[in-house]
Amino acid sequence: MRTYYFPLAGEGVPVYVPASRDDLVAFFEWFKHAAQRGPIALDTETTGLDIFSPGYRLRTVQFGQADQAWVIQFERGGSFERYVNTALWWGSTRFLIHNAPFDWLVLDRHADAPLEHMATRTTDTKILATLIDPRQPMEGGIGTGLKPLSAHYLDPSAPDTQADLHKVFRSYGYTKATGWARIPLEDETYLTYAGGDVILTARIAKLLTAELDALGVRKELVEYEHEISRICATMQRTGIVLDRDYVSELDTRLRADEERYTAIARRYGVTSVNASAQVAEALLGMGVELREKTKTGAYKVDKAVLTYLADMSLQGERLDVRTPNPLAEAVYHAKRAGKWRSAYVDTFLETVDADGRIHPMINTLQARTGRMSITRPALQTLPSSDWVIRRAMLADPGEVCVSVDFAAVELRVLAALADVRRMKEAISAGRDLHSYTAELIWGPDFTPKHRKIGKGASFGKVYGGGAETISRQTGAPISEVKTALTAYDRAYPEIKRAARRWEREARHNGMVTVTVTGRRLPLDPERAYAVTNYQVQSAARDVLGQALITMDESGLLPYLRLPIHDEVVASVPKADAEELTREIERCMRMNLGGVPIDAEGEIGGRSWGSLYGADF
DNA sequence: CCTCTCACG
DNA sequence: ACGTACGTGAGAGGT
């Protein structure tokens with residue numbers, strides 16, 4: 001047995017690395033007794049983040065408590081592997097994991113412990129930390145990584161295990177990307193830090209739990225987040241079928257587009273279409289007048305500017321109001337093709353597994369408001385104006401894609417949270433909310449333009465925007481928007497009252513606003529107006545979270561593929577599509593403070609793109 | 001590492 | 001008293 005010492009708070013905490021059968025027996029003796037005393041912190045070291053790629057390896061599994069850690073070299077196989085699996089299944093052991101979905105999926109795929117088994121016995125310290133303060137250090141928060149949490153709660157000089165390991169990688173001639181797979185399994189720093197991470201997890205868990213108690217965060221909220229985490233990790237494990245033939249064809253097409261338009265831009269002296277300064281200079285040289293500047297004073301040459309000069313709408317349609325500028329046109333097309341290829345198509349090909357499925361990482365508590373994000377690839381942000389990218393994602397064989405959306409969920413949530421009487425009446429009566437708003441402001445003879453301003457005013461309320469922005473967004477004159485906003489506040493006085501109340505309560509609570517589900521959202525003092533948006537966005541996220549739980553309870557989880565803020569995407573057997581879609585809708589519909597939250601599904605064909613106009 | 005740009009809800 | 005658009009992920013270019 002080798003013993004190393006992890007430096008923490010002025011002491012060396014022992015890290016044991018079993019080398020023989022007897023050592024493993026000693027490990028298991030410790031494990032059984034420790035599991036009786038309390039939860040066991042767990043962590044894994046692997047070859048990387050691409051859990052589903054061929055050749056992926058689980059290298060070590062670490063177990064520990066506050067006073068010691070055990071690093072089991074799983075990669076050595078045989079009894080090392082068997083002892084890990086036995087420990088994972090031992091009795092009713094509780095585990096503490098920092099960022100559990102990753103380790104769940106690793107153990108599910110590469111050890112003998114399914115996600116369903118581990119999830120019910122795990123407390124995720126990252127969830128606990130996020131419920132205390134969701135902000136990253138750059139935003140003025142503690143941070144939710146193991147390193148910043150350890151520095152804050154345990155020891156400001158606790159080793160930065162990741163950063164130090166990167167140095168070790170370099171000493172072997174490896175990089176951040178290759179080091180995790182290639183570092184020798186016997187490296188002392190590697191093993192010591194592997195053990196260190198579970199010691200840190202065990203120690204912060206106690207402090208985080210105490211802090212949650214002190215802050216009065218409800219147990220139900222903590223449990224609810226763990227359920228959502230398990231549900232989304234299950235979706236990640238399931239993955240989505242990629243149409244690889246289509247993607248390679250699309251890749252070729254986008255490359256050709258990019259090259260053709262890049263060549264045109266080069267004729268005007270632009271060697272790199274993404275270098276905005278170069279594009280601006282070339283346009284100015286052609287006699288084009290550029291009026292907009294960026295924050296730092298550079299000429300702005302974004303999509304809005306380029307499409308205007310190219311005589312196109314923002315959606316890319318021909319306007320026929322001016323002579324198109326050929327350079328602007330070429331730069332627009334070249335950038336679009338390049339972006340679509342690098343951000344979407346290339347990531348699809350990089351992340352697809354051997355079975356042709358993509359397993360996007362779903363971060364269930366990413367945004368400050370609790371909103372989720374999806375990465376590798378960023379499937380929440382695929383272009384929706386055109387079907388070509390979404391066409392690459394398929395339902396399973398014999399199944400079709402279904403999308404079920406909440407109807408105007410943020411506005412309904414606002415009506416519920418602020419108890420907006422007229423809005424609630426209109427929603428219950430099944431009225432179109434924006435038309436109703438226009439009627440309240442302008443009377444029964446309101447025009448479509450009035451509806452647009454009314455809609456803009458509602459968004460302004462939800463986002464915290466003012467007359468200027470609404471005027472810019474809707475194209476309506478500022479005076480008209482100002483008048484409309486005054487009338488809006490008269491029609492829905494409860495919104496302003498709620499905003500003032502939320503702001504006042506936040507100030508009394510150390511600039512933290514507490515949502516209807518008990519979530520604590522720190523406010524930036526200089527942006528206190530954002531409180532309405534935080535309340536609404538966060539409650540809407542919890543409406544989605546509740547829907548996910550209800551769907552899981554109804555046995556629908558195997559069909560779910562993605563949560564996208566106010567929408568879920570599913571893959572359902574063709575024969576049962578109608579019935580399952582209605583079932584998803586039923587699970588998503590709910591009542592929030594007397595306001596019905598409605599959901600409506602759409603059944604497509606085999607590809608996700610079929611819901612956006614593709615014919616397959 | 002920062003800024004800009006662009007994709008989404 | 002007034003006005004503030006909210007939340008993300010990702011690539012390219014340049015320092």
Side-chain angles (χ1 to χ4, degrees), chain A residues 134-136 138-139 258 271-280 292-307 314 331-332 334-347 350 360-363 365-386 388-390 403 405-406 408-410 414 456-474 478 481-482 485 499 503 521 523-538 540-541 544 562-569 612:
Chain A
R135 295 171 301 174
Q136 295 310 305
M138 274 193 41
E139 305 169 87
E258 195 177 352
T271 55
S272 173
V273 292
N274 285 309
S276 297
Q278 223 185 91
V279 175
E292 282 191 274
K293 296 274 185 88
T294 66
K295 247 198 315 214
T296 52
Y299 284 110
K300 195 168 196 177
V301 231
D302 62 6
K303 186 173 163 180
V305 173
L306 290 173
T307 49
L314 274 169
V331 169
Y332 168 74
K335 279 173 84 169
R336 180 168 144 131
K339 155 106 183 162
W340 285 19
R341 185 183 52 74
S342 66
Y344 306 122
V345 175
D346 286 356
T347 340
E350 279 162 27
M361 209 198 280
I362 304 172
N363 309 297
L365 280 173
Q366 178 60 35
R368 190 186 294 196
T369 53
R371 261 199 178 186
M372 305 182 190
S373 81
I374 302 183
T375 57
R376 302 165 57 94
L379 294 187
Q380 282 171 324
T381 70
L382 304 193
S384 58
S385 58
D386 193 316
V388 292
I389 300 292
R390 290 182 199 240
S403 161
D405 281 49
F406 287 119
V409 65
E410 291 203 335
L414 175 64
S458 287
F459 270 95
K461 290 296 165 194
V462 173
Y463 289 143
E468 185 109 1
T469 325
I470 297 167
S471 162
R472 209 178 328 117
Q473 293 290 321
T474 58
I478 185 92
V481 171
K482 279 184 171 161
L485 281 179
E503 196 175 325
L521 311 178
L523 269 184
D524 300 329
E526 68 280 13
R527 292 165 65 247
Y529 63 87
V531 72
T532 307
N533 181 254
Y534 282 26
Q535 283 283 340
V536 170
Q537 192 181 99
S538 188
R541 182 279 189 190
L544 176 72
L562 294 170
I564 310 189
H565 306 310
D566 66 346
E567 171 193 4
V568 299
V569 178
Y612 295 80

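Just so it is clear: chains get the letters A, B, ... in the order the sequence lines come, proteins before strands, and each one is counted from 1. This is a predicted model, so every value here is computed, not measured.
Residue Ser342(A) places its side chain closer to dG11(C) than to any other of dG11(C), dA10(C), dG9(C). Which of dA12(C), dA10(C), dG9(B) sits closest to the side chain of Asn274(A) comes down to dA12(C). Residue Thr381(A) places its side chain closer to dT8(C) than to any other of dT8(C), dA12(C), dT5(B). Relative to the side chain of Ser385(A), the nucleotides dA5(C), dC8(B), dG11(C) differ in distance, and dC8(B) lies closest. For Lys300(A), counting side-chain heavy atoms from C-beta on, the closest listed nucleotide (dA7(B), dG7(C), dT5(B)) is dT5(B). Residue Lys303(A) places its side chain closer to dC6(B) than to any other of dA12(C), dA5(C), dC6(B). When distances run from any side-chain atom of His565(A) to the nucleotides dA7(B), dG11(C), dG7(C), the shortest one goes to dG7(C). Comparing atom distances between the Thr294(A) side chain and each of dT5(B), dG7(C), dC6(C) picks out dT5(B) as nearest.
The same atom, C1', is picked in dA5(C) and in dG9(B); the two are 14 Å apart, to the nearest Å.
Atom CG of Asp346(A) is separated from atom P of dA7(B) by 16 Å (rounded to the nearest Å). In this entry the distance linking OH of Tyr463(A) with P of dG9(B) reads 10 Å, nearest Å. In this structure, CG of Leu379(A) is placed 19 Å from P of dT8(C), rounded to the nearest angstrom. For Ile374(A) and dA7(B), the CD1 to C1' distance is 14 Å, given to the nearest whole Å. Between the CG atom of Leu485(A) and the C1' atom of dC2(C) there is a distance of 13 Å, rounded to whole Å. Residue Leu306(A) contributes atom CG, which lies 7 Å from atom P of dC6(B) at whole-angstrom precision. Protein atom CG of Asp405(A) is 15 Å distant from nucleotide atom P of dC8(B), rounded to whole Å. Atom CD of Glu503(A) and atom P of dG3(C) are 15 Å apart (whole Å).
Residue contacts for Val462(A): at a heavy-atom cut-off of 4.0 Å it reaches no nucleic acid atom on any strand shown. Leu382(A) comes within 4.0 angstrom of sugar-phosphate atoms only, judged by non-hydrogen atoms across all strands, and of no base. Gln473(A) comes within 4.0 angstrom of a nucleotide base, judged by non-hydrogen atoms across all strands. Counting any heavy atom pair closer than 4.0 Å across all strands shown, Ala298(A) reaches no nucleic acid atom. If you check every strand for non-hydrogen atoms under 4.0 Å, Arg472(A) touches nothing. Within 4.0 Å of Gly460(A), counting heavy atoms only, lies at least one base atom of the nucleic acid.
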Trace of the salt bridge (charged side-chain N to carboxylate O under 4.0 Å, His left out) decision for Arg527(A) with Glu139(A)
CA-CA 13 Å; Arg527(A) 292 165 65 247; Glu139(A) 305 169 87; over 6 Å; no
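For Arg527(A), a side-chain nitrogen or oxygen approaches OP1 or OP2 of dG7(C) to under 4.0 Å. Residue Gln537(A) has no polar side-chain atom (N or O) positioned under 4.0 Å from OP1 or OP2 of dG9(B). An OP1 or OP2 oxygen of dT5(B) is reached within less than 4.0 angstrom by no side-chain nitrogen or oxygen of Lys335(A). OP1 and OP2 of dC6(B) both lie 4.0 Å or more from every side-chain N or O belonging to Arg336(A). For dC6(C), one of the phosphate oxygens OP1 or OP2 lies less than 4.0 angstrom from a side-chain nitrogen or oxygen of Tyr529(A). For Tyr534(A) and dG7(C), the shortest distance from a side-chain N or O to OP1 or OP2 is below 4.0 Å. Taking 4.0 angstrom as the limit, Ser272(A) places a side-chain polar atom (N or O) nearer than this to OP1 or OP2 of dG13(C). An OP1 or OP2 oxygen of dC8(B) is reached within less than 4.0 angstrom by a side-chain nitrogen or oxygen of Ser384(A).
His565(A) approaches Met372(A) most closely through the heavy-atom pair CE1-O, 3.4 Å. In plain terms, the two heavy atoms of Glu410(A) and Ala540(A) that are nearest each other are CG-CB, 4.2 Å. When every heavy atom of Tyr344(A) is checked against every heavy atom of Pro383(A), the shortest pair comes out as CE1-CD, 3.5 Å. In plain terms, the two heavy atoms of Gln366(A) and Ser373(A) that are nearest each other are CG-OG, 3.3 Å. The minimum heavy-atom distance between Ala528(A) and Leu523(A), with the atom names listed, is O-CD1, 4.1 Å. Of all non-hydrogen atoms in Leu379(A) and Ile564(A), the two that sit nearest each other are O-CD1, 4.0 Å.
Looking at Arg371(A), its side chain comes within 3.5 Å of the base of dG9(B) through a donor and an acceptor atom.
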Dot-bracket pairing map - DNA chain C, Watson-Crick plus G-U, both contacts under 3.5 Å, | cross-strand
.....|||||||||.
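For Glu292(A), the CD atom is loosely surrounded, since the number of other residues' heavy atoms within 6.0 Å does not exceed 12.
A side-chain donor from one of Gln278(A) and Thr271(A) sits under 3.5 Å from a side-chain acceptor of the other.
The side-chain contact (heavy atoms from CB on, under 4.5 Å) test applied to Ser342(A) returns Asp346(A), not counting sequence neighbours.
Remark on DNA chain C: of its neighbouring residues Gly464(A) and Asp524(A), the 5'-side contact belongs to Gly464(A), judged by nearest-heavy-atom nucleotide.
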